Amino acid sequence: MTERISGKTQLIGLLGTPISHSLSPKMHNEAFTRLGLDYVYLAFDVGTEQLEDVLKGYRAMGIRGCNVTMPNKVLVRDYLDALSPAAKLAGAVNTIVNEDGILTGHITDGTGYMRALMEEGIDIIGDKITIAGAGGAATAICIQAALDGVKEISIFNRQDAFYERAKQLVLDINAKTACKAQLFDLADLESLRGEIASSVIFINATSVGMEPLVGQSVVPDTSYFRPGLIVSDVVYVPAKTQLLEMAEGVGCKTVNGLGMMLWQGAKAFEIWTGEEMPVDDIKALIF
Ligand code: NAD
């Protein structure tokens, strides 16, 4: 690593908390090394309180960019100069690029998720899907799925600030795309059962299943699943969440969050460097 750092090395950061579990530093640093690019990627434990100051520092120091993760993805928009069309629609940002002091926010989670499904040979276009969550990751997935041609999306969230935000998401999807979206309370288990039963895939896009909620699942028990249903989790640490374990037991095809992580990262990499990430090499390394 010391051989790689020069007077011209550019810094890419990851801003979120908790952060120490992230595979992004490994993924991007390996890709920089393989392509001989003069960048380094570091994770910073940054919550919402420090976010504004950190981004002022980005401008002052000319830092090239960052990924943004929980809990900063929505709030960070307030401190940026511009948003990509997808980030504007999703109301969330996971990638920032600094061009001469102008900070532009992008969202690559939605395209990353859809690409990850495609790589698994899963086609949900024209079908109905059910998703738990209405935060940054869930919103990005819903928007991209709707734009790509998913027919119907049933969104479940607990009654928190994200639920209120999801009302606008549903309005936007119904007004701006051909997809029909509906919002439900995650506590409404009868509806959860019915919507999963009429969907091709159930997606957990909440933080349930990762630290500190390891061993928990948004779906109460396996009676909500059937063989043939696809069950997917955006969580990738642990690689097999309680939800995926339950689904596997019933014979469902399962997909964890590693593929989404890889493909959202590949897009962000391209935004910062203008180069394509060597995805096959990186996949072999992190999977
Ligand atoms: P966020 O803070 O924007 O949203 C959190 C969501 O989880 C909200 O919908 C919230 O209501 C829900 N939630 C939190 N605690 C809950 C609980 N106890 N019960 C029910 N619902 C609960 O976060 P985010 O950025 O959307 O991230 C959500 C998850 O997605 C995290 O686990 C994150 O690691 C993961 N993620 C994975 C990838 C990937 O590439 N695989 C990308 C982005 C996010």
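Order of appearance sets the numbers: ligands from 1, and atoms from 1 within every ligand. Each residue takes its place number in the sequence, starting with 1. What you are looking at is a predicted structure, and each value in this text was computed from that prediction instead of being measured.
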Asks: To check your reading of the model: name the closest protein heavy atom to atom 31 (C) of ligand 1, its residue, and the distance in Å.
Replies: M210 SD, 3.6 Å
Asks: Going by the closest heavy atom to atom 12 (C) of ligand 1, which one wins out of D233, T206, V237?
Replies: T206
Asks: Are any of the N/O atoms on G136, whether in the backbone or the side chain, positioned under 3.5 angstrom from an N/O atom of ligand 1?
Replies: yes
Asks: If we ignore hydrogens and angles and just use 3.5 Å, is the side chain of R226 paired with the main-chain N or O of I196 as donor and acceptor?
Replies: yes
Asks: Between F269 and F32, is the gap from one ring center to the other below 6.0 Å?
Replies: yes
Asks: Taking ring pair (Phe, Tyr, Trp, His ring centres under 6.0 Å) as the cut-off, I'd like each qualifying pair that reaches into residues 42-76, sequence neighbours left out, listed once.
Replies: none
Asks: Please work out which of the three classes, parallel, tilted or perpendicular, describes the rings of H28 and Y41, given edges at 30° and 60°.
Replies: parallel
Asks: Are any of the N or O atoms of A137 closer than 3.5 Å to those of ligand 1?
Replies: yes
Asks: List the closest protein heavy-atom neighbour of atom 14 (C) of ligand 1: residue, atom name, distance to the nearest 0.1 Å.
Replies: S207 OG, 3.3 Å
Asks: Taking NZ, NE, NH1 and NH2 as the nitrogens, is one of them in E270 or K267 under 4.0 Å from a carboxylate oxygen of the other?
Replies: yes
Asks: Which of the numbered atoms in ligand 1 are below 4.0 angstrom from a heavy atom of V235?
Replies: 32 (O)
Asks: If we only count N/O pairs under 3.5 Å, is V234 in contact with ligand 1?
Replies: yes
Asks: Give the atom numbers and elements of ligand 1 that come within less than 4.0 Å of a heavy atom of G133.
Replies: 9 (O)
Asks: Closer than 4.0 Å to some heavy atom of Q264 - which atoms of ligand 1 meet that?
Replies: 40 (O)
Asks: Just which atoms of ligand 1 are under 4.0 Å from any heavy atom in D160?
Replies: 10 (C), 11 (O)
Asks: Taking only heavy atoms of M260, which atoms of ligand 1 are found under 4.0 Å from at least one of them?
Replies: 38 (C), 39 (C), 40 (O), 41 (N), 42 (C)
Asks: Which heavy atom of A31 sits nearest to which heavy atom of I282, and what is that distance?
Replies: N-CD1, 3.7 Å
Asks: Do any nitrogen or oxygen atoms of V208 lie less than 3.5 angstrom from nitrogen or oxygen atoms of ligand 1?
Replies: no
Asks: Is it true that D148 and R115 make a salt bridge, defined as a side-chain N closer than 4.0 Å to a carboxylate O?
Replies: no
Asks: What about L213: any of its N or O atoms under 3.5 Å from an N or O on ligand 1?
Replies: no
Asks: Give the residue, atom name and distance (to 0.1 Å) of the protein heavy atom nearest atom 8 (C) of ligand 1.
Replies: F162 CD1, 3.5 Å
Asks: Just jot down the ligand 1 atoms closer than 4.0 angstrom to any heavy atom of K73, in number order.
Replies: 25 (O), 43 (C), 44 (C)
Asks: Among all protein non-hydrogen atoms, which one is nearest to atom 28 (C) of ligand 1, and what is the separation to 0.1 Å?
Replies: A205 O, 3.8 Å
Asks: Using 4.0 Å as the upper bound for N to carboxylate O, is an ion pair formed by K73 and D109?
Replies: yes
Asks: Charged N to carboxylate O below 4.0 Å: is that the case for D127 and K151?
Replies: no
Asks: Do K253 and E248 sit within salt-bridge range, that is, some charged N less than 4.0 Å from a carboxylate O?
Replies: no
Asks: Out of Q216, M70, E211, H21, indicate the one that has the non-hydrogen atom closest to atom 24 (P) of ligand 1.
Replies: M70
Asks: For N157 and ligand 1, does the shortest N/O to N/O distance drop below 3.5 Å?
Replies: yes
Asks: Answer yes when E30 and R34 have at least one side-chain N-carboxylate O distance shorter than 4.0 Å, and no when they do not.
Replies: yes
Asks: For atom CD of E49, decide whether the heavy atoms of other residues, nucleotides or ligands shown that lie under 6.0 angstrom number more than 12.
Replies: no
Asks: Would you say R158 and ligand 1 have an N/O pair spaced under 3.5 Å apart?
Replies: yes
Asks: Atoms of ligand 1 less than 4.0 Å from A134 heavy atoms?
Replies: 9 (O)
Asks: Which of the atoms of ligand 1 are close to G257, meaning less than 4.0 Å from one of its heavy atoms?
Replies: 39 (C), 41 (N)
Asks: Please check: side-chain N/O of R64 versus main-chain N/O of N98, any donor-acceptor pairing under 3.5 Å?
Replies: yes
